[in-house]
Amino acid sequence: MRFEATSTEAAMAANGKMINAATPWHVIVDTDEETITIRKRNLILVGGDEEVYSFRYIRRIIIDEHLIGADIEIRITGGTAKAYCLAKKDVRKIKQILLEYNATKKGKGIIFA
């Protein structure tokens, strides 16, 4: 299963990140490949950044809900990945997907220890 979430303009406006309106964050959770990908174009629109993490390196997920929108922070062995101003329902869906995936993996492959 593949799920994609993108920052919303309303959340960026409400949280003071309108400078990123042309370059929103994209989060892709792929349970078939067992990866989370976070993408964002550069502000000059010439290139982009992409971070791909395997489920097995995830240690913690932090969700910070605002009045409009939510931020997600994924703690990974050796670092942190962040995406801002996503829709609250999308952040909850990402959490649900990862917890359901975790429940199917007894023993080997558990993503949250």
Side-chain angles (χ1 to χ4, degrees):
M1 179 181 146
R2 183 178 166 104
F3 178 76
E4 294 188 35
T6 303
S7 298
T8 64
E9 289 184 11
M12 285 188 271
N15 295 302
K17 296 196 184 289
M18 273 310 287
I19 194 166
N20 296 302
T23 60
W25 285 269
H26 300 276
V27 179
I28 302 164
V29 179
D30 192 340
T31 56
D32 296 330
E33 293 187 17
E34 299 180 348
T35 60
I36 293 180
T37 305
I38 297 178
R39 291 184 185 154
K40 184 171 184 336
R41 291 186 56 90
N42 292 336
L43 290 175
I44 56 174
L45 303 174
V46 174
D49 300 325
E50 180 176 276
E51 302 170 355
V52 180
Y53 300 101
S54 176
F55 283 179
R56 69 177 174 257
Y57 296 114
I58 297 173
R59 296 295 168 242
R60 184 172 164 195
I61 293 188
I62 301 165
I63 296 172
D64 183 17
E65 289 190 4
H66 305 289
L67 183 61
I68 299 174
D71 302 336
I72 189 167
E73 181 178 335
I74 303 168
R75 298 278 172 97
I76 295 136
T77 303
T80 302
K82 297 178 184 179
Y84 299 96
C85 304
L86 302 168
K88 288 181 185 180
K89 65 179 177 130
D90 290 344
V91 172
R92 289 184 195 126
K93 180 72 174 172
I94 291 169
K95 176 183 162 186
Q96 176 188 358
I97 289 169
L98 292 173
L99 291 175
E100 286 176 2
Y101 176 84
N102 194 46
T104 64
K105 300 294 182 182
K106 300 296 181 196
K108 183 181 177 190
I110 294 177
I111 59 173
F112 298 110

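Basis for what follows: all heavy atoms, side chains included, without hydrogens, waters or symmetry-related copies. Predicted model, so just to flag it, every value in this text is computed and none were measured.
- For Arg39, the side chain to side chain donor-acceptor pair (under 3.5 Å) partners two or more places apart in sequence, or in a different chain, are Glu50.
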ask   = Yes or no on side chain to side chain contact (heavy atoms under 4.5 Å, CB included) for Tyr101 and Glu34, after CA distance, side-chain angles and deciding distance?
value = CA-CA 9 Å; Tyr101 176 84; Glu34 299 180 348; 2.2 Å; yes
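- Side-chain contact between Asp32 and Arg2 is absent, with no heavy-atom pair separated by less than 4.5 Å.
- Here the side chains of Phe3 and Thr31 are not in contact, with every heavy-atom distance at 4.5 Å or above.
- The distance from atom CD1 of Ile94 to atom CD1 of Ile61, rounded to the nearest 0.5 Å, is 8.0 Å.
- Formation of a donor-acceptor pair under 3.5 Å by the Ser54 side chain with backbone atoms of Tyr57 is not found in this model.
- A 6.0 Å sphere centred on CD of Glu9 holds no more than 12 heavy atoms belonging to other residues, nucleotides or ligands.
- Atom CZ of residue Arg92 and atom CD1 of residue Ile63 lie 8.5 Å apart, to the nearest 0.5 angstrom.
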task = List the steps, then state whether side chain to side chain contact (heavy atoms under 4.5 Å, CB included) holds for Thr80 with Glu73.
result = CA-CA 7 Å; Thr80 302; Glu73 181 178 335; 3.4 Å; yes
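- Tracing side-chain contacts under 4.5 Å through hydrophobic residues (I, L, V, M, F, W, Y), one never reaches Ile38 starting from Ile28; they form parts of separate clusters.
- Annotation: side chain of Ile62 is in contact with side chain of Arg75 (closest heavy-atom distance under 4.5 Å).
- Counting only heavy atoms from C-beta outward, the side chains of Asn42 and Thr23 never approach each other to under 4.5 Å.
- For the atom pair CG (Asp64) and CG (Leu86), the distance works out to 11.5 Å, reported to the nearest 0.5 Å.
- Under the ring-ring contact (aromatic ring centres under 6.0 Å, His included) criterion, Tyr84 pairs with Trp25, sequence neighbours left out.
- Met1 and Ile72 fall within a single hydrophobic cluster, where Ile, Leu, Val, Met, Phe, Trp and Tyr are joined by side-chain heavy atoms under 4.5 Å apart, directly or via other members.
- No donor-acceptor distance shorter than 3.5 angstrom exists from the side chain of Lys93 to the backbone of Glu4, with no hydrogens or angles considered.
- Residues Asp71 and Cys85 share a closest heavy-atom pair of OD1-N, 2.9 Å.
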ask   = Do Asp30 and Thr37 pass the side chain to side chain contact (heavy atoms under 4.5 Å, CB included) test, and can you show the C-alpha distance, the side-chain angles, and the key distance before you say yes or no?
value = CA-CA 8 Å; Asp30 192 340; Thr37 305; over 6 Å; no
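- Put simply, the side chain of His66 does not reach to within 4.5 Å of the side chain of Ile68, judged on heavy atoms.
- To the nearest 0.5 Å, atoms CD1 (Ile76) and CZ (Arg60) are separated by 13.0 Å.
- Looking only at side-chain heavy atoms (C-beta outward), Leu98 and Ile36 come within less than 4.5 Å of each other.
- Here the shortest heavy-atom pairing between Lys88 and Gly69 reads CE-O, 3.6 Å.
- Within the 4.5 Å cutoff, no side-chain heavy atoms of Tyr53 are placed close to those of Thr77.
- In this structure, Lys40 and Lys82 have side chains that are not in contact, with every pair of non-hydrogen atoms separated by 4.5 Å or more.
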